[in-house]
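Just so it is clear, the structure is predicted and the values come from calculations on it, not from any experiment. We name chains A, B, ... by the order of the sequence lines, and we start the count at 1 in each one.
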There are 2 protein chains.
Amino acid sequence: MQSIGKLSETVGVKVPTIRYYEQIGLLPAAERSAGNQRLYGSQTRERLAFIRHARDLGFTLDAIRELLSLSDRPDLPCAAADNIARRQLLDVKRRIARLQALQDELERMVIQCGHGTISDCRVIETLGNHALCAHEHALAGADAHQNDADRAVT
Amino acid sequence: MQSIGKLSETVGVKVPTIRYYEQIGLLPAAERSAGNQRLYGSQTRERLAFIRHARDLGFTLDAIRELLSLSDRPDLPCAAADNIARRQLLDVKRRIARLQALQDELERMVIQCGHGTISDCRVIETLGNHALCAHEHALAGADAHQNDADRAVT
DNA sequence: CTTGAAGCTCTAGTTGCTAGAGGGATTAAC
DNA sequence: GTTAATCCCTCTAGCAACTAGAGCTTCAAG
């Protein structure tokens with residue numbers, strides 16, 4: 001049985017985050033010592049490691065919740081888990097594509113900077129006048145108004 | 001002079017977002033009509049377009065605040081603006097690199113899925129056991145505990 | 001037995017918005 | 001001229017996924 005601090009250390013998740021996961025029901029309520037301190041066994045440790053790993057791969061807590069409930073039912077077909085992972089993969093691919101467009105634009109901006117004064121700064125000018133852009137990045141594409149997922153790229 | 005709705009439409013920023021920008025001081029307090037409704041001229045419209053464009057390129061509101069205050073002083077050297085853009089570019093590059101690692105890992109997970117039951121699901125198994133990963137993505141690298149910027153990748 | 005670290009609960013803050021309640025203003029049709 | 005629809009106003013609260021801090025208790029080492 002480990003204290004929350006030890007668990008934090010071994011799994012690599014901060015103490016308040018572990019408490020937060022318990023609070024939102026991702027982790028079961030921990031056992032307590034005589035003095036009301038949380039104690040963890042190997043089962044919760046593994047669950048936390050699972051969460052940590054999935055977070056590292058960019059899954060949302062909601063997706064992780066789903067994956068965890070799937071992993072509790074080993075007899076079900078794995079299509080659902082597969083789908084979640086595929087969705088995540090698509091999401092990652094979309095984000096990469098968008099970031100790459102941003103990278104191009106930023107590179108253009110930075111390269112063109114003549115290091116003079118603000119009044120002829122390419123960075124400021126390009127930001128102020130979208131027409132100077134090489135391509136469209138988020139603006140005026142298929143959907144002029146971007147959605148949350150697009151915003152989340154930052 | 002435009003109403004907030006028209007401004008929203010022409011610039012492509014939602015009405016509550018415009019009010020929010022005013023509230024946090026990114027936009028000046030708008031003029032008001034006799035009936036207390038906001039009215040906007042071309043100057044604020046341009047400022048908003050600047051903000052919109054910079055947001056699209058992934059700049060934080062703080063960075064945008066800085067860029068805006070720079071653009072108000074055309075006589076200053078443009079090194080500061082250049083630096084902000086360079087920082088942003090580095091950030092984008094780091095994010096792309098990290099997302100690409102995630103993409104690889106997710107692809108491996110998905111490809112190996114035998115479409116059997118959860119009990120032999122590669123997705124679940126890989127998430128539960130980080131040792132199965134091909135490389136290290138965020139875990140156990142130079143710094144075991146990831147920082148905010150890494151998290152922000154989602 | 002004391003001291004300092006680690007733990008506890010609770011509230012509030014972060015970023016960049018978004019949603020909703022409960023009202024007033026404006027405009028177009030009739 | 002009025003009425004209905006649509007806009008706009010302010011204010012508060014909520015989202016994800018934590019993080020930080022206050023003010024307290026418990027534990028482990030010396």
Quiz prompt | Closest listed nucleotide, where the reference is the side chain of A:R55 and the choices are C:dT18, D:dA17, C:dG7 | solution = D:dA17

Exercise. For D:dA17, take OP1 and OP2 only and decide whether either is under 4.0 Å from a side-chain N or O of A:T17.
Key: no

Quiz prompt | Separation of atom CG in B:L27 from atom P in C:dG16, rounded to whole Å | solution = 15 Å

Exercise. Ignoring backbone atoms, establish whether A:T60 has a side-chain N or O less than 4.0 Å from OP1 or OP2 of D:dA16.
Key: no

Self-check item: From C:dG7, D:dA17, C:dC17, nucleotide with atom closest to B:Y20 side chain
Solution: C:dC17

Quiz item: Rounded to the nearest Å, what distance is computed from the CD1 atom of residue A:I24 to the P atom of nucleotide D:dT19?
Solution: 12 Å

Quiz item: Does CD in B:E31 sit with more than 12 non-hydrogen atoms of other residues, nucleotides or ligands closer than 6.0 Å?
Solution: no

Quiz prompt | OP1 or OP2 of D:dC9 under 4.0 Å from side-chain N/O of B:R19 | solution = yes

Exercise. Can you tell me the distance, in whole Å, between the CD1 atom of A:I18 and the P atom of D:dT19?
Key: 11 Å

Quiz item: When the nearest nucleotide of DNA chain D is assigned to B:Q23 and to B:K6 on a heavy-atom basis, which residue is associated with the more 5' position?
Solution: B:K6

Exercise. Describe the nucleic acid contact of A:R38 in one word from base, sugar-phosphate, nothing, applying a heavy-atom distance below 4.0 Å.
Key: sugar-phosphate

Practice problem: Summarise protein proximity over nucleotides 23-29 of chain C in one line of letters, 5' to 3': B for base, S for sugar-phosphate only, - for none, counting protein heavy atoms closer than 4.0 Å. | Solution: -BSS---

